[in-house]
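Written out below as structure tokens is the structure these notes cover.
Values in this document were obtained by computation on a predicted structure and should not be read as measured data.
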Amino acid sequence: MKIRQTPDDTMALARALRRLGGGKAPASLASSVLRRIGLADTYWKLPSPVGTVFVARGPRGISFVLRTESAARFERAFRLRHGRAVFPSPSPAPREIRAVLRRLDSGAARGARFDLSGLSEFEQAVLRKALEIPRGEVRPYGWIAREIGRPEAVRAVGSALGHNPVPLFIPCHRVVRSDGTIGDYVFGRSAKRTLLEKEGAQPRTIERLAASGTRYLGNEAGHYFCFPTCGGIESLVHDNLVRFRSVRAAVAAGYHPCEQCRPAAVAS
């Protein structure tokens with residue numbers, strides 16, 4: 001009978017190994033044992049829209065993603081981040097992992113488990129909220145801050161996104177600056193634009209609207225206003241010609257916030 005191990009079992013085993021005989025075990029012993037019983041983190045080298053990436057997964061879920069050509073560099077970065085070893089996987093990458101990298105599939109990513117250990121509760125809340133942003137849409141830092149109940153923490157949201165250990169899977173590339181411009185990204189601004197273009201978010205259009213001062217688009221028929229990418233930027237920009245620079249301006253004109261993208265907490 002095969003005994004299923006859990007993450008808690010893993011930690012208990014590691015503690016037991018350290019206590020064995022009261023002696024000093026080799027530093028590699030715990031990792032070797034965990035690897036033997038299938039509980040170590042393993043990784044794959046895979047293509048993505050922004051080049052080759054390495055993806056690691058452990059008992060708690062996907063644990064690290066890095067864009068690099070070197071397995072040795074990935075292993076070093078993983079050890080620095082998590083304090084443990086990672087090994088090449090003997091098996092092909094699961095379908096859901098390949099789906100996220102090939103199509104930036106939001107559904108597959110939301111169904112995945114992630115190892116966010118080492119991050120603060122605030123950082124984890126930021127990343128899990130970013131996971132809710134649909135493919136082909138963007139939201140500003142301030143939206144995440146407000147949605148997680150920390151409206152004053154806009155700068156801290158940016159820092160938390162910069163610490164995302166699993167980019168592409170948790171789509172921090174879908175978060176833009178509060179002025180509507182594209183902003184920074186863990187893999188660089190060029191990679192961020194590439195990802196948004198692949199999703200149909202049209203970064204050039206986003207930046208053109210930002211440069212004109214447009215932050216929201218109003219729907220005349222329903223009298224609601226949205227972020228410029230809500231439901232797909234192409235139809236919004238062509239069909240919704242009412243443009244607003246602020247929530248206050250939209251509300252003053254008699255428009256209420258869209259219930260899907262939630263550009264404001266309440267209309268007053």
Side-chain angles (χ1 to χ4, degrees), residues 65 81 106 109-110 114-189 191-193 195-196 199 201 203 206-218 223-231 233 236 242-268:
V65 178
R81 178 117 195 180
S106 297
R110 281 194 288 269
F114 301 103
D115 181 356
L116 301 180
S117 56
L119 299 181
S120 68
E121 289 186 12
F122 174 82
E123 289 172 322
Q124 292 189 37
V126 167
L127 295 181
R128 295 196 184 283
K129 181 54 64 172
L131 190 59
E132 297 179 13
I133 303 173
R135 186 181 191 274
E137 300 186 22
V138 299
R139 301 287 186 272
Y141 296 139
W143 178 84
I144 288 186
R146 176 171 49 78
E147 287 274 314
I148 65 172
R150 297 284 300 278
E152 78 292 346
V154 177
R155 286 180 178 270
V157 165
S159 297
L161 294 169
H163 294 156
N164 181 7
V166 287
L168 300 179
F169 290 84
I170 292 182
C172 51
H173 65 274
R174 296 176 189 158
V175 188
V176 299
R177 295 176 58 181
S178 296
D179 63 3
T181 54
I182 297 301
D184 296 324
Y185 181 51
V186 64
F187 291 158
R189 293 192 180 190
K192 187 171 188 176
R193 295 178 69 89
L195 293 169
L196 292 175
E199 296 184 348
I206 292 171
E207 291 188 325
R208 187 169 65 249
L209 289 170
S212 72
T214 299
R215 301 290 178 267
Y216 309 97
L217 297 174
H223 254 61
Y224 58 84
F225 65 99
C226 305
F227 287 118
T229 56
C230 177
I233 191 169
L236 270 176
V242 182
R243 301 186 178 191
F244 298 109
R245 290 177 174 266
S246 67
V247 169
R248 179 176 295 179
V251 172
Y255 285 70
H256 59 86
C258 168
E259 294 181 359
Q260 297 301 314
C261 67
R262 302 184 297 279
V266 294
S268 57

Problem set entry | Which residues share a side-chain contact (heavy atoms from CB on, under 4.5 Å) with Ala109, sequence neighbours left out | Val100, Leu131
Exercise. At their closest point, which heavy atom of Gly162 faces which heavy atom of Val186, and how far apart are they?
Worked result: O-CG2, 4.5 Å
Problem set entry | Inter-residue atom distance Glu152.CD - Arg150.CZ, 0.5 Å rounding | 5.0 Å
Exercise. Can you tell me how far SG of Cys261 sits from CD1 of Ile133, rounded to the nearest 0.5 angstrom?
Worked result: 11.5 Å
Exercise. If every non-hydrogen atom of Val157 is compared with every non-hydrogen atom of Tyr141, which pair is closest and at what distance?
Worked result: CG1-O, 3.9 Å
For this session: Give the minimum heavy-atom separation between Thr229 and Ala201, together with the two atoms involved.
Result: CG2-O, 4.4 Å
Exercise. Parallel, tilted or perpendicular: which fits the ring planes of Tyr216 and Phe225, with parallel below 30° and perpendicular above 60°?
Worked result: perpendicular
Exercise. Side-chain contact, heavy-atom cut-off 4.5 Å: His256 with Val251?
Worked result: no
Problem set entry | Heavy atoms from other residues, nucleotides or ligands near CZ of Arg110 exceed 12 (cutoff 6.0 Å) | yes
Seminar exercise, completed: Closest non-hydrogen atoms of Gln260 and Cys230, given as atom of the first, atom of the second and distance, are CB-SG, 4.2 Å
For this session: Taking the side chain as every heavy atom from C-beta outward, state whether Arg243 and Leu209 have any atom pair closer than 4.5 Å.
Result: yes
Exercise. Can you list the residues that meet the side-chain contact (heavy atoms from CB on, under 4.5 Å) rule with Arg146, with sequence neighbours excluded?
Worked result: Trp143, Ala265
Exercise. Between Arg177 (side chain) and Pro140 (backbone), is there a donor-acceptor pair under 3.5 Å?
Worked result: no
Exercise. Closest approach of Pro167 and Pro165, non-hydrogen atoms and distance?
Worked result: CD-C, 3.3 Å
For this session: Name all residues meeting the side chain to side chain donor-acceptor pair (under 3.5 Å) criterion together with Arg139; count only those two or more places apart in sequence or in a different chain, and write none if there are none.
Result: Glu137
For this session: If the plane angle is over 60° it's perpendicular, under 30° parallel, otherwise tilted; pick one for Tyr185 and His173.
Result: perpendicular
Seminar exercise, completed: dist Gln124:CD -> Ile170:CD1 (nearest 0.5 Å) comes out at 9.0 Å
For this session: Decide side chain to side chain contact (heavy atoms under 4.5 Å, CB included) for Leu127 and Phe114; before the verdict, give the C-alpha distance in whole Å, the side-chain angles of both, and the deciding distance to 0.1 Å.
Result: CA-CA 10 Å; Leu127 295 181; Phe114 301 103; over 6 Å; no
Exercise. Atom CG in Asn164, atom CZ in Phe187: separation rounded to 0.5 Å?
Worked result: 8.5 Å
Exercise. Any sub-3.5 Å donor-acceptor pair from Arg174's side-chain atoms to Leu196's backbone N or O?
Worked result: no
Exercise. Taking all atoms of both residues into account, what is the closest heavy-atom pair of Arg81 and Leu119, and its distance?
Worked result: NH2-CD2, 3.7 Å
Exercise. Would a 4.5 Å heavy-atom cut-off, applied to side chains only, mark Thr214 and Arg245 as touching?
Worked result: no
Exercise. Looking at CD1 of Ile233 and CZ of Phe227, how far apart are the two atoms once the value is rounded to the nearest 0.5 Å?
Worked result: 13.0 Å
Exercise. To the nearest 0.5 Å, how far apart are OH in Tyr224 and SG in Cys258?
Worked result: 6.5 Å
Problem set entry | Test item: Lys192 side-chain N/O and Ile182 main-chain N/O as donor-acceptor pair under 3.5 Å | yes
